[in-house]
Amino acid sequence: MKVEVVYATAEGSHSEELELPEGTTVQAAVAASRFASTPVAATAIFGKVVSADRMLEEGDRIELLRELLIDPKDARRKRAEMP
């Protein structure tokens, strides 16, 4: 089955398509990708956070989520304070 692993940075997004056997988990797919050593806060499939032991399906897009750089509440406060 074909799946895609995606990692986004401030500079842009990077992706890799993988051909994996049926029954592969999210964790195994990430380990098989070039992003295996990339630190991630969580993983998602099409925007929904999933556990590492979730079985993949044909065409899944695994998204590697980074830690937040700034708390969204703080960012909103700073924008509101601007004239």
Side-chain angles (χ1 to χ4, degrees):
M1 80 179 145
K2 286 187 180 180
V3 298
E4 182 180 17
V5 181
V6 179
Y7 182 70
T9 64
E11 293 78 37
S13 65
H14 310 277
S15 68
E16 179 179 11
E17 242 183 54
L18 300 172
E19 182 71 40
L20 301 168
E22 294 291 326
T24 301
T25 62
V26 169
Q27 181 178 16
V30 172
S33 76
R34 65 184 171 129
F35 307 109
S37 62
T38 303
V40 296
T43 53
I45 294 181
F46 294 114
K48 293 189 176 192
V49 176
V50 297
S51 66
D53 62 349
R54 182 188 182 277
M55 296 290 196
L56 294 172
E57 298 174 11
E58 176 73 32
D60 277 348
R61 184 181 75 198
I62 304 162
E63 299 156 358
L64 306 178
L65 307 176
R66 300 179 293 146
E67 291 286 334
L68 292 176
L69 299 177
I70 185 169
D71 183 336
K73 291 179 186 176
D74 290 339
R76 260 192 306 277
R77 267 189 220 105
K78 286 181 182 180
R79 284 194 307 268
E81 292 170 358
M82 295 175 101

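These figures come from a predicted structure and were not determined experimentally.
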Original post:
Could you state the interatomic distance from OG1 (Thr25) to CD1 (Ile62), rounded to the nearest 0.5 Å?
Top reply: 8.5 Å
Original post:
Can Leu64 be reached from Phe46 by stepping across I, L, V, M, F, W or Y side chains whose heavy atoms are under 4.5 Å apart?
Top reply: yes
Original post:
Looking only at heavy atoms, which two atoms of Leu56 and Ala29 are closest? And how far apart?
Top reply: CD1-CB, 3.5 Å
Original post:
In Å and rounded to the nearest 0.5 Å, what is the NZ to NZ distance from Lys73 to Lys78?
Top reply: 15.5 Å
Subject >> CD on Glu58 to CG on Leu20, rounded to 0.5 Å >> reply: 10.0 Å
Subject >> Which atom of Val30 lies closest to which atom of Ser33, heavy atoms considered >> reply: O-OG, 2.8 Å
Original post:
Is it the case that more than 12 heavy atoms not belonging to Glu67 sit under 6.0 Å from its CD atom?
Top reply: no
Subject >> Partners passing salt bridge (charged side-chain N to carboxylate O under 4.0 Å, His left out) against Arg66 (at least two apart in sequence or in another chain) >> reply: none
Original post:
Closest approach of Ala42 and Val49, non-hydrogen atoms and distance?
Top reply: CB-CG1, 4.3 Å
Distance-only donor-acceptor pairs under 3.5 Å for side chains of residues 1-14, two or more places apart:
| from | atom 1 | to | atom 2 | distance (Å) |
| --- | --- | --- | --- | --- |
| Glu4 | OE2 | Ser15 | OG | 3.3 |
| Thr9 | OG1 | Glu11 | N | 3.3 |
| Thr9 | OG1 | Glu11 | OE1 | 3.3 |
| Thr9 | OG1 | Gly12 | N | 3.4 |
| Thr9 | OG1 | Gly12 | O | 3.0 |

**OP:** Identify the heavy atoms of Ala36 and Ala31 that sit nearest to each other, and give their distance.
**Re:** CB-O, 3.5 Å
Subject >> From CD1 (Ile45) to CG (Asp60), nearest 0.5 Å >> reply: 4.0 Å
Original post:
How many angstroms lie between atom CZ of Arg79 and atom CG of Asp74, to the nearest 0.5 angstrom?
Top reply: 11.0 Å
